[in-house]
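Note that these values count all heavy atoms, side chains included, but never hydrogens, waters or copies made by symmetry.
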Amino acid sequence: MSVQTQQQAVGLQGPMRRVVFVGLYEFIAIVVCSLLFMAIGQEAASSGAMAVVSSAIAIAWNVVFNWMFEQWEARQSKKGRSVLRRIVHAIGFEGGIAAMLIPLMAWWFDISLWEATVLEAGILVFFLIYTYVFNWCFDRIFGLPASAQALQPQI
């Protein structure tokens with residue numbers, strides 16, 4: 001008689017996890033960015049609209065950039081994600097988003113490119129901290145993704 005074992009992850013998993021994650025992450029980001037833009041003297045409507053547009057651009061860029069990066073990565077002879085490869089990924093992603101958002105913010109808010117660059121730098125610092133805290137809280141509330149769980153056999 002054979003005993004069949006099955007490993008099952010606990011908590012929110014699969015596509016629903018990604019949808020809930022992105023939805024919550026972007027909703028909070030839009031609210032906070034709107035407030036940040038208003039704190040530097042921008043009108044509420046303009047701030048909210050810029051936050052929504054920035055969020056949409058970030059989501060689209062994330063999909064496009066990660067697809068391009070993974071295409072490049074698949075052609076590399078050395079596999080895996082070294083620290084250097086992760087740094088290149090982060091710089092490529094953030095550099096691309098900054099290249100799109102800095103001129104857009106300068107135009108949208110009628111500020112200089114330098115002011116928009118400083119604003120984008122502040123936003124980048126916020127997102128580094130926010131992303132860390134959000135991921136920690138999300139995992140505490142919804143559980144770790146299956147890839148990070150030590151799965152126990154179920155009999």
Side-chain angles (χ1 to χ4, degrees), residues 8-74 76 80-151:
Q8 186 166 343
V10 296
L12 186 61
Q13 301 296 323
M16 183 55 77
R17 180 183 179 85
R18 288 186 281 286
V19 168
V20 171
F21 181 93
V22 170
L24 283 173
Y25 182 91
E26 292 300 330
F27 174 76
I28 294 168
I30 288 168
V31 170
V32 171
C33 284
S34 296
L35 294 172
L36 290 173
F37 294 148
M38 287 187 293
I40 64 164
Q42 300 301 321
E43 295 178 12
S46 182
S47 296
M50 183 67 226
V52 170
V53 168
S54 296
S55 178
I57 290 170
I59 291 169
W61 176 238
N62 187 297
V63 171
V64 170
F65 178 78
N66 283 311
W67 178 81
M68 292 187 310
F69 186 84
E70 289 168 10
Q71 293 296 309
W72 169 82
E73 189 173 46
Q76 303 309 301
R81 294 241 170 128
S82 65
V83 171
L84 178 59
R85 195 168 286 184
R86 289 179 187 279
I87 290 169
V88 168
H89 182 271
I91 290 171
F93 178 79
E94 293 302 333
I97 198 78
M100 289 180 267
L101 292 182
I102 289 170
L104 178 63
M105 284 191 288
W107 172 77
W108 194 283
F109 293 137
D110 195 26
I111 59 177
S112 71
L113 284 173
W114 175 249
E115 290 171 308
T117 301
V118 171
L119 180 57
E120 177 64 22
I123 291 170
L124 176 61
V125 169
F126 160 74
F127 271 99
L128 286 172
I129 296 165
Y130 169 59
T131 300
Y132 181 88
V133 171
F134 181 87
N135 276 286
W136 183 82
C137 291
F138 190 88
D139 289 344
R140 298 279 298 172
I141 294 167
F142 295 103
L144 291 171
S147 62
Q149 289 185 28
L151 300 177

For Gly143, is there any backbone N or O sitting under 3.5 Å from a side-chain donor or acceptor partner on Arg17?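 Side chain of Arg17 to backbone of Gly143: a pair is present.
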Given 3.5 Å as the limit, does a donor-acceptor pair link the side chain of Tyr25 with the main chain of Asn135, or not?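 Not confirmed, Tyr25 side chain does not pair with Asn135 backbone.
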With a 3.5 Å cut-off and sequence neighbours excluded, list the donor-acceptor pairs that the side chains of residues 98-107 form with protein atoms.
none

Evaluate the criterion side-chain contact (heavy atoms from CB on, under 4.5 Å) for residue pair Ile97 and Phe65; output intermediate values, then yes/no. CA-CA 10 Å; Ile97 198 78; Phe65 178 78; over 6 Å; no
In the structure I gave you, are the side-chain heavy atoms of Val32 and Phe126 within less than 4.5 Å of one another anywhere?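 A side-chain contact under 4.5 Å exists here.
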Can you give me the closest heavy-atom contact between Tyr130 and Ala29, atom names plus distance?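 Heavy atoms only, the tightest pair is OH-N, 3.7 Å.
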Give, for atom [atom1] of [X] and atom [atom2] of [Y], the distance between the pair rounded to the nearest 0.5 Å.
| X | Y | atom1 | atom2 | value |
| --- | --- | --- | --- | --- |
| Phe37 | Ile123 | CZ | CD1 | 4.0 Å |
| Ile111 | Ile40 | CD1 | CD1 | 5.5 Å |
| Leu124 | Ile129 | CG | CD1 | 10.0 Å |
| Ile28 | Cys137 | CD1 | SG | 8.5 Å |
| Glu115 | Leu113 | CD | CG | 9.5 Å |
| Arg18 | Gln13 | CZ | CD | 9.5 Å |

List in chain and number order the residues that pass salt bridge (charged side-chain N to carboxylate O under 4.0 Å, His left out) with Arg85, two or more places apart in sequence or in another chain; answer none if no residue qualifies.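 Salt bridge (charged side-chain N to carboxylate O under 4.0 Å, His left out) list for Arg85, sorted by chain: Glu73.
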Parallel, tilted or perpendicular, judged at 30° and 60°: which one describes the rings of Phe69 and Trp72?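 Taking Trp72 first and then Phe69, their aromatic rings sit tilted (interplane angle of 30° to 60°).
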Parallel, tilted or perpendicular, judged at 30° and 60°: which one describes the rings of Phe138 and Phe142?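 Geometry flag for Phe142 against Phe138: tilted rings.
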Do any side-chain atoms of residues 48-64 form donor-acceptor pairs under 3.5 angstrom with protein atoms, and if so which ones, sequence neighbours left out?
from: Ser54; atom 1: OG; to: Met50; atom 2: O; distance (Å): 2.8
from: Ser55; atom 1: OG; to: Glu26; atom 2: OE1; distance (Å): 2.4
from: Trp61; atom 1: NE1; to: Phe93; atom 2: O; distance (Å): 2.9
from: Asn62; atom 1: OD1; to: Asn66; atom 2: ND2; distance (Å): 2.7

